Q: 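Encoded as structure tokens, here's the structure I'll be asking about.
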Amino acid sequence: MSHPVVQATGVNLHLESGGTPLHILKDVDLTLSSGEVVAVVGPSGSGKTSLLMVLGGLERATSGSIVLDGQALTSLNEDQLAIARRNHLGILFQNFHLVPSMTALENVALSMEIADAGMPWQTIRDRATAALTEVGLADRLTHLPSALSGGEQQRVGLARAMVTAPKLLLADEPTGNLDQETGSRVIELMFGLARTRGTSILLITHDPSLAAKADRQLHMNQGRLS
Ligand SMILES: Nc1ncnc2c1ncn2[C@@H]1O[C@H](COP(=O)(O)OP(=O)(O)O)[C@@H](O)[C@H]1O
Ligand SMILES: [Mg+2]
């Protein structure tokens, strides 16, 4: 079997809010193997987003170890963390997080420019166009996010996340702002793209019918994962 894409062991996250210490993640263990799709479900406030942030190196765990594609995140400084993120990770947000002043093509291009500053514009444009075509948006390249529907915006988000061929896609309630049918189409698209590229997915969702499509389901409850 190939090595895990991400492996979290004994992860704890303590934060403080207005002087009150909070124990957000409690002894979390999680391993995702290459190409595996894992869904995390659980009530609001249980720590799902915090888990995603810690796994993606966007937030540092207070204790425990996280190994992302063979690299221990605790051993990396902020610059090295940023490099690890852009080389290995794609992230999909509930609120799409597109740059409002940029076209669909520019939004997708931006993620490649960040990942590889030396890439020629022609290559960037061709790849961004191909990524948007794959999500069915070939005729929306020059649209601004405000001129796109929610489902279309999330498909731009998906193209942006996948265009760098990440090892791991972290998706935080990506269908939370979409109706059921649009949401399930975005998820099908996401699973399909991940399968072709061998990308692993950690999918946080409130929707049991979407969670059921994953290889494995985990439950988060008051900071504990089971
Ligand atoms: N930056 C922060 N500072 C203090 N508390 C936080 C912070 N981020 C999240 N929390 C708290 O951590 C808990 C888990 O939040 P979160 O991971 O967003 O849960 P979920 O995504 O499952 O709704 C919540 O009680 C939330 O209020
Ligand atoms: Mg959340």
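Indexing begins at 1, ligand by ligand and atom by atom, following the structure's order. On a predicted model such as this, the values are computed, not experimentally measured, just so you know.
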Q: Would a 4.5 Å heavy-atom cut-off, applied to side chains only, mark Pro145 and Asn107 as touching?
A: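 The answer is yes; the side chains approach within 4.5 Å.
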
Q: Classify the contact between Leu51 and ligand 1 as side chain, backbone, both or neither, using a heavy-atom distance cut-off of under 4.0 Å.
A: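 Answer for Leu51: neither.
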
Q: Look at atom 19 (O) of ligand 1 and say which protein heavy atom is nearest, naming residue and atom and giving the distance to 0.1 Å.
A: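 I find the closest protein heavy atom is Gly47 N, 3.2 Å.
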
Q: Considering only heavy atoms of Ser44, which atoms of ligand 1 have at least one such atom less than 4.0 Å away?
A: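 By the 4.0 Å cutoff, the relevant atoms are 23 (O).
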
Q: Would you find a donor on one side and an acceptor on the other, under 3.5 Å apart, between the side chain of Asp69 and the backbone of Val5?
A: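 Looks like no, no N/O pair under 3.5 Å.
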
Q: Please identify which of these residues, Val163, Val135, Thr129, meets the side-chain contact (heavy atoms from CB on, under 4.5 Å) condition with Val108.
A: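 Passing option: Val163.
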
Q: Do ligand 1 and Glu16 have nitrogen or oxygen atoms that lie under 3.5 Å from each other?
A: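 No, no N or O pair falls under 3.5 Å.
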
Q: Report yes or no: does Thr164 contribute a side-chain atom to a donor-acceptor pair with the main-chain N or O of Met112 at less than 3.5 Å?
A: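 No.
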
Q: For atom 5 (N) of ligand 1, which protein heavy atom lies nearest, and how many Å away is it?
A: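 The protein heavy atom lying closest is Leu22 CD1, 3.5 Å.
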
Q: Can we say Arg86 and Glu113 salt-bridge, meaning some charged N sits less than 4.0 Å from an Asp/Glu carboxylate O?
A: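 Glu113 and Arg86: not salt-bridged.
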
Q: Should we count CD of Glu181 as having more than 12 external heavy atoms under 6.0 Å?
A: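 Result for CD/Glu181: open.
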
Q: Would Ser17 count as being in polar contact with ligand 1, using the rule that some N or O on each side must be under 3.5 angstrom apart?
A: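 Among all N and O atoms of Ser17, none is under 3.5 Å from an N or O of ligand 1.
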
Q: Show the atoms of ligand 1 that are less than 4.0 angstrom away from any heavy atom in Pro43.
A: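 The atoms of ligand 1 under 4.0 Å from a heavy atom of Pro43 are 22 (O).
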
Q: Got a donor-acceptor contact below 3.5 angstrom from the Asn221 side chain to the Arg224 backbone?
A: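 It does not hold such a pair.
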
Q: Looking only at distances, can you tell me whether any N or O atom of Leu15, backbone or side chain, sits closer than 3.5 Å to an N or O atom of ligand 1?
A: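 No, since none of the N or O atoms of Leu15 sits under 3.5 Å from an N or O of ligand 1.
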
Q: Hey, is the main chain of Gly10 close enough, under 3.5 Å, to the side chain of Asp27 for a donor-acceptor pair?
A: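 The answer is no, because no donor-acceptor pair under 3.5 Å joins these two groups.
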
Q: What are the protein N/O/S atoms, named by residue and atom, that sit under 2.8 Å from the Mg ion (ligand 2)?
A: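 Protein N, O or S atoms closer than 2.8 Å to the Mg ion (ligand 2): Thr49 OG1.
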
Q: Short question: side chain of Gln154, backbone of Phe93 - any donor-acceptor pair under 3.5 Å?
A: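 At least one qualifying donor-acceptor pair exists.
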
Q: What atoms in ligand 1 come closer than 4.0 Å to a heavy atom of Gly45?
A: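 Answer, ordered by atom number: 13 (C), 14 (C), 19 (O), 20 (P), 22 (O), 23 (O), 24 (C), 25 (O).
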
Q: Does Asp207 reach the main-chain N or O of Ser209 with its side chain, forming a donor-acceptor pair under 3.5 Å?
A: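 A pair under 3.5 Å: yes.
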
Q: Which residue supplies the protein heavy atom nearest to atom 18 (O) of ligand 1, what is that atom called, and how far is it?
A: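 That would be Thr49 CB, 3.7 Å.
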
Q: Nearest protein heavy-atom contact for atom 16 (P) of ligand 1: which residue, which atom, what distance?
A: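 Its nearest protein heavy-atom neighbour is Ser50 OG, 3.7 Å.
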
Q: At under 4.0 Å between heavy atoms, which part of Ile24 makes contact with ligand 1: side chain, backbone, both or neither?
A: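 It is the side chain that touches ligand 1; the backbone stays farther off.
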
Q: Could you tell me whether atom 26 (C) of ligand 1 has at least one protein heavy atom nearer than 4.0 Å?
A: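 Flag for atom 26 (C) of ligand 1 set to false, no protein heavy atom closer than 4.0 Å.
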
Q: Ile114: which other cluster members, linking ILVMFWY side chains closer than 4.5 Å, directly or transitively?
A: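 Ile114 shares its hydrophobic cluster with Val99, Met102, Leu110.
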
Q: Would you say Gln217's side chain and Ala39's backbone share a donor-acceptor pair under 3.5 angstrom?
A: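 Such a contact is absent between Gln217 side chain and Ala39 backbone.
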
